[in-house]
Amino acid sequence: MSTALALGTYRCRDAAASAALAVATGTQWIDTAPNYGNGAVQPTLAPILTAHPEVGVSTKVGFLTDQTAQDALDQGVLTPWDTVHDHSLDPRYIEWQVRRSRSELGRTCLDTVFVHNPERACGEDRNELHRALRRAFAALEHQAALGNIDGYGVATWSGFADGVFTVDELIRLAFQASGGCIPRLTSIQLPVSLVNLAPLQAALAGEGPITDAHRAGLEVLASAPLHGGELDNLATDELAAYIRPGLSRAAACLHTVASCPGVTRVLLSASTPAHWHEAVHAVGLAPLDTTHLREITDVLATS
């Protein structure tokens with residue numbers, strides 16, 4: 001399966017303009033969340049998503065903005081205690097947030113809803129986290145049964161790296177949440193970059209969350225491929241030439257992530273049309289072979 005470039009809206013300065021550019025260049029997926037831009041991003045995407053029903057969209061549940069917390073409190077969805085950590089996986093909140101996101105994004109049915117950084121939910125209590133995830137998955141299974149979402153997943157920053165859950169455990173929890181039926185768990189999202197090398201190294205060894213997800217037929221969305229834009233400064237021209245001659249530092253870093261076996265989408269927030277077009281080219285190139293990828297990771301691991 002080839003890797004596709006998708007728009008990630010976390011760092012977009014103008015999400016609507018970025019979405020219009022992405023769609024105009026053939027991008028088929030936009031990733032967002034109700035807390036991005038302190039709640040301002042999702043509504044700006046609705047006109048693009050309405051005009052282009054062929055473009056998939058993923059959003060998230062978990063984090064609270066001040067406004068969503070207040071609205072959820074006012075409507076009796078959450079208690080003050082539930083909002084203390086600015087994060088909730090309460091099934092009532094999940095149902096409420098899915099309904100709100102459908103309205104904000106102008107979509108009757110959302111393609112994917114990610115449980116957003118669930119490792120934030122229960123501190124260091126792994127068992128309680130798994131119970132919270134099972135309850136969240138059950139709520140999302142119900143939303144799928146109602147036709148409000150097509151599928152769901154987990155978007156994490158450190159959950160796999162910290163060992164608080166594995167892909168196999170997420171699948172087991174999803175089966176439990178679905179009552180033994182085939183669950184609607186469809187995707188995972190995690191950071192993959194030349195800074196976050198571990199998922200790439202594991203995939204090259206045929207191990208880790210990316211490989212496990214790929215074997216289970218799940219989509220893998222690679223987030224933060226430029227590590228929040230820092231890699232353009234951290235990488236060198238020599239490294240870019242070693243990865244693939246003729247590419248800029250940013251493009252070489254993107255090309256490496258897009259070449260990772262098992263990754264199906266690379267999420268990027270590009271700041272200018274020139275950067276976006278460069279990214280389209282980099283991700284569209286034939287992937288680097290695994291031998292060269294291993295050489296790249298070995299060089300970075302020892303530098």
Side-chain angles (χ1 to χ4, degrees), residues 1-33 36 41 44-45 48-49 51-60 105 110-112 114 151 153 155 186-197 199-200 203 210 213-214 218-232 235 240 243-244 246-289 293 296:
M1 184 182 294
S2 61
T3 304
L5 181 65
L7 177 68
T9 57
Y10 177 50
R11 292 180 177 273
C12 285
R13 296 177 186 146
D14 185 337
S18 295
L21 172 63
V23 169
T25 55
T27 296
Q28 293 293 300
W29 199 269
I30 296 174
D31 180 75
T32 189
Y36 288 177
V41 168
T44 70
L45 298 174
I48 295 294
L49 292 170
H52 295 276
E54 76 282 2
V55 174
V57 63
S58 51
T59 184
K60 303 176 181 72
L105 293 168
L110 303 171
D111 295 281
T112 302
F114 286 109
T186 59
S187 316
I188 64 168
Q189 184 182 137
L190 74 165
V192 185
S193 71
L194 297 190
V195 172
N196 286 304
L197 266 179
L200 172 56
I210 296 175
H214 179 65
L218 303 182
E219 294 248 7
V220 178
L221 283 71
S223 60
L226 297 181
H227 201 63
E230 294 178 20
L231 265 172
D232 194 32
I243 292 170
R244 187 158 187 154
L247 294 182
S248 69
R249 290 172 293 183
C253 294
L254 280 172
H255 184 45
T256 304
V257 174
S259 299
C260 178
V263 167
T264 51
R265 300 186 194 277
V266 177
L267 300 177
L268 180 69
S269 299
S271 56
T272 68
H275 289 160
W276 183 259
H277 286 292
E278 183 180 53
V280 170
H281 172 70
V283 173
L285 292 169
L288 300 167
D289 64 62
L293 279 172
I296 294 166

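Atom CG in L7 sits 10.5 Å away from atom CD1 in I48 (nearest 0.5 Å). Once rounded to the nearest 0.5 Å, the distance linking CG of L293 with NE2 of H255 reads 8.0 Å. To the nearest 0.5 Å, atoms CG (L254) and OG (S193) are separated by 10.5 Å. Atom CG of L267 is separated from atom CG of L190 by 10.0 Å, given to the nearest 0.5 angstrom. Rounded to the nearest 0.5 angstrom, I243 CD1 and I296 CD1 are separated by 5.0 Å. In this structure, OG on S18 lies 12.0 Å from NE2 on H275, to the nearest 0.5 angstrom.
Residue A258 comes nearest to V266 through the heavy atom pair CA-CG2, 3.9 Å, listed as atom of the first residue, atom of the second, then distance. Contact between V263 and T3 at its shortest, heavy atoms only, is O-OG1, 2.8 Å. The two atoms that bring N196 and P199 nearest to each other are O-CD, 3.4 Å, heavy atoms only. In plain terms, the two heavy atoms of T59 and A33 that are nearest each other are OG1-CA, 3.7 Å. Considering every non-hydrogen atom in both A240 and L247, the closest pair reads CB-O, 3.7 Å. Between L200 and V192, the closest heavy-atom pair is CB-CG1, 4.4 Å.
A search for ring-ring contact (aromatic ring centres under 6.0 Å, His included) contacts involving F114 returns nothing, not counting sequence neighbours. Legend: residues meeting side-chain hydrogen bond (donor to acceptor under 3.5 Å, both in side chains) with H52, ordered by chain and number and at least two apart, are E54. Every residue two or more places apart in sequence or in another chain was checked for a salt bridge (charged side-chain N to carboxylate O under 4.0 Å, His left out) with R244, and none qualifies. Considering only residues two or more places apart in sequence or on other chains, A235 meets the side-chain contact (heavy atoms from CB on, under 4.5 Å) condition with L239, R249, C253. Annotation: side-chain contact (heavy atoms from CB on, under 4.5 Å) contacts of A213 (sequence neighbours excluded): V167, I188, L218, V220. The side-chain contact (heavy atoms from CB on, under 4.5 Å) test applied to T44 returns A15, A16, not counting sequence neighbours. A203 meets the side-chain contact (heavy atoms from CB on, under 4.5 Å) test with I210, T211, C260; sequence neighbours excluded.
Evaluation of the salt bridge (Lys or Arg N to Asp or Glu O under 4.0 Å) test over residues 262-281, restricted to residues two or more places apart or in two chains, returns E219-R265. Sorted by first and then second residue, the side chain to side chain donor-acceptor pair (under 3.5 Å) pairs with a member in residues 19-32 read T9-T32, T25-W276, W29-S58, D31-S58, D31-K60, D31-Q189; sequence neighbours excluded.
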Practice problem: Report the C-alpha distance between V57 and L45 in whole Å, list the side-chain angles of each, state the deciding distance to 0.1 Å, and finish with yes or no for side chain to side chain contact (heavy atoms under 4.5 Å, CB included). | Solution: CA-CA 10 Å; V57 63; L45 298 174; 5.7 Å; no

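Side-chain contact between L194 and H227 is absent, with no heavy-atom pair separated by less than 4.5 Å.
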